[in-house]
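Just so it is clear, the structure is predicted and the values come from calculations on it, not from any experiment.
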Amino acid sequence: QVQPVESGGGLVQAGGSLRLSCTASGRTFSSSAMGWFRRAPGKEREFVATVNWSGGITHYADSVKGRFTISRDNAKNAVYLQMNSLKPEDTAVYYCAAGRSSGNPDTFSSWGQGTQVTVSS
């Protein structure tokens, strides 16, 4: 089973950039879909972006398309989320997760502890 650990969160001004990293233990990392999700204060956790096992297929929430980029490096058991043009509404705890299908966020079940991203206006 894949166990993700996130890093890279912090405080940034609107319009700025952050890069989140997720390293994962477990032999099945390279065959797992990986994804980023977030939970804003007072809201439910929502899908942000996913990538399939090879990195060749990605999916994005409409709210982050064109601003965020997900990528992975299977040699390092790592997944990244490059976040550009950040907005205050991107403020949330961001979670890395492993799943069975990048096209179905409901298949993600192995969650990290989360990393806080705060965007100031």
Chemist: Nearest 0.5 Å, what's the SG-CZ distance between Cys96 and Phe108?
Modeler: 9.0 Å
Chemist: Can Phe68 be reached from Ile70 by stepping across I, L, V, M, F, W or Y side chains whose heavy atoms are under 4.5 Å apart?
Modeler: yes
Chemist: Do the ring planes of Phe37 and Trp111 sit parallel (below 30°), tilted (30 to 60°) or perpendicular (above 60°)?
Modeler: perpendicular
Chemist: Val12 and Tyr94: same hydrophobic cluster, using ILVMFWY side-chain contacts below 4.5 Å?
Modeler: yes
Chemist: Between Asn74 and Trp53, what is the shortest heavy-atom contact and its length?
Modeler: ND2-O, 3.0 Å
Chemist: Report the C-alpha distance between Arg67 and Asp90 in whole Å, list the side-chain angles of each, state the deciding distance to 0.1 Å, and finish with yes or no for side chain to side chain contact (heavy atoms under 4.5 Å, CB included).
Modeler: CA-CA 11 Å; Arg67 300 188 298 123; Asp90 294 318; 2.7 Å; yes
Chemist: Any chance you could measure Leu20, atom CG, to Leu81, atom CG, to the nearest 0.5 Å?
Modeler: 5.0 Å
Chemist: Considering non-hydrogen atoms only, spot the tightest contact between Gln3 and Gly112 and give its length.
Modeler: NE2-CA, 4.4 Å
Chemist: Taking atom CH2 of Trp36 and atom OH of Tyr80, what is their separation to the nearest 0.5 Å?
Modeler: 10.5 Å
Chemist: Which heavy atom of Thr91 sits nearest to which heavy atom of Val119, and what is that distance?
Modeler: OG1-N, 2.9 Å
Chemist: Please determine whether residues Phe47 and Val64 belong to a single hydrophobic cluster, defined as Ile, Leu, Val, Met, Phe, Trp and Tyr linked transitively by side-chain heavy-atom distances below 4.5 Å.
Modeler: no
Chemist: Above 12 or not: heavy atoms from other molecules or residues under 6.0 Å from CD of Gln113?
Modeler: yes
Chemist: Hydrophobic clustering (ILVMFWY, side-chain heavy atoms < 4.5 Å, transitive) - are Tyr60 and Tyr95 grouped together?
Modeler: no
Chemist: Atom CZ of Arg100 and atom OG of Ser31: how far apart are they, to the nearest 0.5 Å?
Modeler: 12.5 Å
Chemist: Would you mind reporting whether Thr58 and Val51 have side-chain heavy atoms less than 4.5 Å apart?
Modeler: yes
Chemist: Which heavy atom in Ala92 sits nearest to a heavy atom in Arg38, and how many Å separate them?
Modeler: CB-CB, 3.8 Å
Chemist: Side chains of Asn84 and Ser17: any donor to acceptor distance under 3.5 Å?
Modeler: yes
Chemist: What residues form a side-chain hydrogen bond (donor to acceptor under 3.5 Å, both in side chains) with Lys65, not counting sequence neighbours?
Modeler: Asp62
Chemist: Please round to the nearest 0.5 Å and tell me the distance separating atom OG of Ser110 and atom CD of Gln1.
Modeler: 4.0 Å
Chemist: Minimum heavy-atom separation for Val2 and Pro4, please, with both atom names.
Modeler: O-CD, 3.6 Å
Chemist: Could you pull out the closest heavy-atom pair between Arg39 and Arg45, with the gap in Å?
Modeler: NE-N, 3.6 Å
Chemist: In Å, rounded to the nearest 0.5 Å, how long is the span from CE of Met34 to OG of Ser102?
Modeler: 12.0 Å
Chemist: Hey, does the Lys NZ or Arg CZ of Arg72 hover above the aromatic six-ring of Phe29, less than 6.0 Å from the centre and inside 45° of the axis?
Modeler: yes
